[in-house]
Novice: 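Below is a structure I'd like to ask you about.
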Amino acid sequence: MKLKALNGFKDTLPGETPLWRRLEDLARDVFARFTFSEIRLPILEKTDLFARSIGAATDIVEKEMYTFPEKQITMRPEATASLLRAYIEHGLYVQKPVQRLFTIGPMFRHERPQQGRLRQFHQMDAEILGSANPRVDAELMAMGAMLLSELGLTVSLELNSLGCPVCRPGFREGLLVFLASRQEALCDDCRRRMHTNPLRVLDCKNPACRGIVEDAPSIQDHLCPDCRTHFVAVQDGLDQLGIVYSLNRFMVRGLDYYCRTTFEFITADLGSQSAVCAGGRYDGLVEELGGPKTPGIGFAMGMERLVLLLQKQQQPAAGAEVDLFIAGLGEAASRLCFSLMHRLRQAGARVMMDPDGRSLKSQMKQADKAFARFVLILGDAELERNTGMLRDMTTQEQQEVSLGDTRMLLDAIAA
RNA sequence: GUGGGCGUGGCCUAGUUGGUUAGGGCACCUGGUUGUGGCCCAGGAGGUCGUGGGUUCAAGUCCCAUCGCCCACCCCA
């Protein structure tokens, strides 16, 4: 085999697209209930946009981006940066005080692929811009929870607050002191992480590190009054909506722009790629990118991960995608079938035929495999009378119908 | 970037201590009386055994290299 897709890039074959459709359709429906509007964004942006928003020192920006260096442009590794760029560029903030936006599409990161992680992957992103009210934090999480629940998935919600520029630096220093005192016992990665991003040590999966981190200071005890109030109110909002969650003081974010509320919906069924939806607040980011001071919060859902989970649950059999299969016997009949098929399609029916005019038995088999609900058989006998034999594939009943009036035929197969 | 595993027709796979035309299942095609599906039966098409070297009288089966894929770490959705 010579030509193949690139490593980490996958075709979604016809057998899988119904599941993707179901996911997208339900997501659009739930987002609509929460009065989110769709925004569609380009895949290429200036490299600088991502460096400034995600953080120049993050792994994503340092080594995982698909960049055309000579042009200084990059294929987006996530959607929030692009969305905020569009928000600022088009002055959406003057149109209404609070914007609720979602976008669905491919993202690109040059990582080593593994289960639930591709180089081209797809996310559904939802963002609320223009309100710092903890109520919208709860609302956004409720929306994620509703979608996941209606997909039939069992996930748990974990919540934390990362503080803000007022309180986080102090916590970070305290944490650093603590870690330095125990660094002999930390894993190699964490000794390195201590200096690049000490908060990351908190969610190291190494058992030894986990044990140490148990005794580390908690961000939740070091929030400034404003962040503390906000955090409490977020929890109150979740409680009001009946959203179950658990506090996780070890959960941090990989991207630089997050502050205050952070959350993840976690599954136990996907190996190490356990987060199917993650997000948080980023109150300083719009301003950082040159827009007005605007609070914001959002989440991203990994669609491949959701599809993997959906595939693990029992799937109902594929429904009929064909209303009518027209089986013609002989060239003359096939000619008639061809034009009849087109007229029925114009009238809205889903119709197919065998272009090669195989045996009737073969055509019946094809109709069966296509889950056609009806087969219309046209042979010499029917030709003479301008009729067709209409067979209901589920009841096996047949009746001769006139071809003179397509309306009647349509009614027959619509029943 | 670092580990581990695996590469046999479209898909899943059997292939003994290297030995005659590489088997099977699914899917596909054609039939099983004259114009009829889902079951069953028969027949058929489809494979340079990832690739390139090497050892050998002989390699899918051993050795080396190379490419590819998967899983895990890292990171993240």
Side-chain angles (χ1 to χ4, degrees), chain A residues 1-2 4-10 13 15 54-55 58-65 77-80 104-126 144 155 187-190 192-193 196-197 200 203-206 251-255 263-267 270-280 298-309 325 327-330 333 356-383 388-394 396-398:
Chain A
M1 195 187 294
K2 240 180 168 181
K4 59 198 310 286
L6 294 171
N7 187 16
F9 290 73
K10 271 214 158 53
L13 298 173
I54 297 169
T58 58
D59 280 9
I60 293 178
V61 171
E62 266 185 357
K63 52 196 187 196
E64 295 174 1
M65 297 206 302
E78 57 110 39
T80 303
I104 299 176
M107 311 293 158
F108 304 84
R109 291 183 199 170
H110 193 116
E111 303 176 89
R112 199 70 153 258
Q114 65 190 69
Q115 179 173 95
R117 191 173 78 186
L118 296 173
R119 288 179 172 174
Q120 176 179 334
F121 60 105
H122 298 77
Q123 289 187 335
M124 302 190 290
D125 251 79
V155 295
C187 71
D188 293 346
D189 283 328
C190 282
R192 172 178 55 77
R193 268 194 288 248
T196 57
N197 188 349
R200 290 230 68 91
D203 74 348
C204 180
K205 293 179 193 89
N206 184 300
M251 186 183 68
V252 298
R253 299 279 63 173
L255 284 61
F263 60 91
E264 282 183 11
F265 288 91
I266 305 285
T267 173
L270 275 187
S272 59
Q273 259 58 49
S274 57
V276 295
C277 173
F299 68 61
M301 288 191 169
M303 296 178 74
E304 278 78 8
R305 293 177 187 182
L306 292 173
V307 167
L308 279 171
L309 291 173
F325 187 104
L329 300 169
D356 298 318
R358 278 174 257 254
S359 70
L360 180 57
K361 175 173 180 166
S362 170
Q363 296 194 57
M364 292 299 294
K365 281 189 177 175
Q366 291 175 58
D368 186 54
K369 277 185 204 106
F371 299 107
R373 289 158 58 218
F374 290 91
V375 174
L376 184 69
I377 301 165
L378 284 182
D380 294 337
E382 289 80 5
L383 267 184
M389 194 60 80
L390 186 65
R391 178 181 178 84
D392 184 322
M393 294 295 274
T394 49
Q396 306 188 40
E397 287 165 3
Q398 292 191 180

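Proteins come first, then strands; the chains are lettered A, B, ... in the order of their sequence lines, and each starts at number 1.
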Novice: Please state the P separation for the pair U30(B) and C67(B) - nearest whole angstrom.
Specialist: 44 Å

Novice: So what does K369(A) hit on the nucleic acid, given a heavy-atom distance under 4.0 Å: a base, only sugar-phosphate, or nothing?
Specialist: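 Touches sugar-phosphate only.
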
Novice: Take atom P in U61(B) and the same atom in G52(B), then report the distance between them in whole Å.
Specialist: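 U61(B) and G52(B) have their P atoms separated by 13 Å.
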
Novice: Using a 4.0 Å heavy-atom cut-off across all strands, classify K365(A) as base, sugar-phosphate, or nothing.
Specialist: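 Sugar-phosphate contact only.
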
Novice: Which is true for G116(A) with a 4.0 Å heavy-atom rule: it touches a base, it touches only sugar-phosphate, or it touches nothing?
Specialist: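 Touches a base.
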
Novice: Less than 4.0 angstrom between a side-chain N/O of S359(A) and OP1 or OP2 of U36(B), yes or no?
Specialist: no

Novice: Does Q396(A) reach a base, just sugar-phosphate, or nothing at all? Heavy atoms under 4.0 Å.
Specialist: base

Novice: Can you see whether Q398(A) engages R391(A) through a side-chain donor-acceptor pair at a distance of less than 3.5 angstrom?
Specialist: yes

Novice: Considering Watson-Crick and G-U wobble pairs with both distances under 3.5 Å, what does U2(B) pair with?
Specialist: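 When the pairing criteria are applied, A72(B) turns out to be the nucleotide that pairs with U2(B).
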
Novice: May I ask you to say what E382(A) touches in the nucleic acid, namely base, sugar-phosphate or nothing, with a heavy-atom cut-off under 4.0 Å?
Specialist: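 Base contact.
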
Novice: Work out how far the P atom of G9(B) is from that of A14(B), and round it to whole angstrom.
Specialist: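 Nearest-Å result for G9(B) against A14(B) at atom P: 13 Å.
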
Novice: What contact category does Q115(A) fall into here, base, sugar-phosphate, or nothing, at under 4.0 angstrom with non-hydrogen atoms?
Specialist: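 Counting heavy atoms under 4.0 Å across all strands, the contact made by Q115(A) is with sugar-phosphate only.
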
